[in-house]
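See structure below.
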Number of protein chains: 2
Amino acid sequence: MTDDDRVFKALADPTRRFLLDLLFARDGRTLTELESELEMTRFGVMKHLKVLEEAGLVVTRRSGREKLHFLNPVPIRLIHDRWIDKYTERQVTALVDLKAELESES
Amino acid sequence: MTDDDRVFKALADPTRRFLLDLLFARDGRTLTELESELEMTRFGVMKHLKVLEEAGLVVTRRSGREKLHFLNPVPIRLIHDRWIDKYTERQVTALVDLKAELESES
DNA sequence: TTGACATGTGACCAATGGGTCACATAAGTT
DNA sequence: AACTTATGTGACCCATTGGTCACATGTCAA
């Protein structure tokens, strides 16, 4: 299993993406705290966090008996750079921003 | 199945990512042409292309009996924007570029 | 030390997904 | 029309994966 394979497999599950959303909103949470946001047993959440951590999308730091989880955006940026070169980036960014603006006005 | 779910599921398979790499290098290829680059039957490749198309990562245009495939970078950009805000983007981009530069020098 | 809390491991099961094949339609060629 | 080429469909098999549970370790407080 390659590094990028781990990243994409990790992102393939909606629960794991929701965990990234939670950490994007606020970093440094524990397993128990994240579990309370999900309708799933602690074991399921723990499995998902392990997958995210092994993919490098989440980094952790121990503090006593707690384990704090942080979002690492680097792998996300690398996905972007794989299929969007500098030239295309300008066009796509403009297009996406325009679309967002139009939808916010309606 | 939500839109973004289709995108992430589509990206989860290494063969499909390789197909995107091929289209990133050169657009407008047919199924038969893409098949020749892979060690897999035509049916497998067709299934993968269907998944990519339903995710919006690949758009197609018919030309006679041929079907031409093109890469659409918009869903990739949306993944980026989901977990990297404008402020973080500057830091992450700088970090990724620096890392690439250091590795190219060694 | 006794109890409560936070995290960790391995086995297990149902569901999903990758790949192939038999078969089929449609379009170009001679 | 006969033949070839390009794409499409449904069924099938095997491997992988999401989720749960029984059980276990480590940490903090009284």
Side-chain angles (χ1 to χ4, degrees), chain A residues 1-23 26-71 75, chain B residues 1-23 26-71 75:
Chain A
M1 171 106 72
T2 62
D3 277 1
D4 70 305
D5 205 25
R6 264 183 284 271
V7 172
F8 288 105
K9 287 266 172 57
L11 291 175
D13 183 85
T15 301
R16 288 195 288 268
R17 292 196 299 274
F18 181 64
L19 285 169
L20 293 183
D21 290 338
L22 290 175
L23 294 178
R26 184 165 51 84
D27 256 332
R29 307 204 211 193
T30 67
L31 164 64
T32 312
E33 187 176 356
L34 292 168
E35 174 205 347
S36 67
E37 304 271 351
L38 292 172
E39 297 179 351
M40 189 185 301
T41 65
R42 177 175 58 88
F43 308 99
V45 180
M46 196 160 45
K47 264 196 176 182
H48 285 307
L49 286 173
K50 186 184 180 189
V51 173
L52 288 169
E53 189 175 354
E54 287 176 344
L57 286 162
V58 163
V59 291
T60 61
R61 182 167 57 82
R62 288 210 73 101
S63 171
R65 60 179 166 179
E66 292 182 337
K67 188 176 181 182
L68 308 180
H69 298 77
F70 301 86
L71 174 63
Chain B
M1 171 108 68
T2 61
D3 278 1
D4 69 304
D5 205 25
R6 264 183 284 270
V7 172
F8 288 106
K9 288 265 172 60
L11 291 174
D13 183 84
T15 301
R16 288 196 287 267
R17 293 196 298 273
F18 182 64
L19 284 169
L20 293 182
D21 290 338
L22 290 175
L23 294 178
R26 183 165 52 83
D27 255 334
R29 306 205 212 193
T30 67
L31 163 64
T32 312
E33 188 176 355
L34 292 168
E35 174 206 346
S36 68
E37 304 272 351
L38 292 173
E39 296 178 352
M40 187 185 301
T41 66
R42 178 174 58 86
F43 309 99
V45 179
M46 195 161 45
K47 264 197 177 181
H48 286 307
L49 286 173
K50 186 185 179 190
V51 173
L52 289 169
E53 189 176 353
E54 288 177 345
L57 286 161
V58 164
V59 291
T60 61
R61 181 166 59 83
R62 288 209 74 98
S63 170
R65 61 178 167 181
E66 290 183 337
K67 187 176 181 181
L68 307 181
H69 298 76
F70 301 85
L71 174 63

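Throughout, protein chains are lettered first and strands after them, A, B, ... in sequence-line order, and every chain is numbered starting at 1. Hydrogens, waters and symmetry mates are skipped; everything else that's a heavy atom, side chains included, is used.
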Side-chain N or O of A:H48 closer than 4.0 Å to phosphate OP1/OP2 of D:dT17
no

Looking at every strand, decide which applies to A:G64 at a 4.0 Å heavy-atom threshold: base, sugar-phosphate, or nothing.
sugar-phosphate

Determine whether more than 12 heavy atoms belonging to other residues, nucleotides or ligands lie under 6.0 Å from atom CZ of B:R61.
no

Return the minimal non-hydrogen interatomic distance between B:R6 and B:A55, and the atom names on each side.
O-CB, 3.5 Å

Indicate the atoms forming the closest heavy-atom contact of B:A10 with B:L52, along with that distance.
CB-CD2, 4.1 Å

Closest non-hydrogen atom pair between A:A12 and B:D5, with its separation:
O-OD1, 4.1 Å

Atom CE of B:M40 and atom C1' of C:dC21: how far apart are they, to the nearest Å?
15 Å

For residues 36-48 of chain B, dump all side-chain donor-acceptor pairs below 3.5 Å to protein atoms at least two apart in sequence or in another chain.
residue	atom	partner	partner atom	Å
B:S36	OG	B:E33	O	2.6
B:H48	ND1	B:R16	NH1	3.1

CD on A:E66 to OG1 on A:T30, rounded to 0.5 Å:
5.5 Å

In whole Å, I'd like the distance from the CG atom of B:L34 to the C1' atom of D:dG8.
16 Å

d(CG, B:D13; P, D:dA15) in whole Å
17 Å

Between the protein and nucleotides 3-12 of chain C, which nitrogen or oxygen pairs are less than 3.5 angstrom apart?
residue	atom	partner	partner atom	Å
C:dC5	O2	A:R65	NH1	3.2
C:dT7	OP1	A:L31	N	3.3
C:dT7	OP1	A:K67	N	3.4
C:dT7	OP2	A:T32	N	2.9
C:dT7	OP2	A:T32	OG1	2.3
C:dT7	O4	A:R42	NH1	3.4
C:dT7	O4	A:R42	NH2	3.2
C:dG8	OP1	A:R62	NH1	3.4
C:dG8	OP1	A:K67	NZ	3.2
C:dG8	N7	A:R42	NH1	3.2
C:dG8	O6	A:R42	NH2	3.1

Between D:dT20, C:dC21, D:dG19, which nucleotide has the shortest distance from any of its atoms to the side chain of A:T41?
D:dT20

Along DNA chain D (nearest heavy atom to each residue), the more 5'-positioned of A:V51 and A:S63
A:V51

Between B:F18 (CZ) and C:dG18 (P), how many Å, whole number?
17 Å

My understanding is that only one of B:V51, B:L34, B:L57 makes a side chain to side chain contact (heavy atoms under 4.5 Å, CB included) with B:L19; could you say which?
B:L34

Please name the pair of heavy atoms, one in B:L31 and one in B:H69, separated by the smallest distance, quoted to 0.1 Å.
N-CE1, 3.9 Å

Could you tell me if the side chain of B:E54 sits less than 4.5 Å from the side chain of B:M1, heavy atoms only?
no

Between P on D:dG19 and CG on A:L38, what's the gap in Å once rounded to a whole number?
9 Å

Near DNA chain D, which residues from residues 1-10 of chain A have a heavy atom under 4.0 Å away?
A:K9

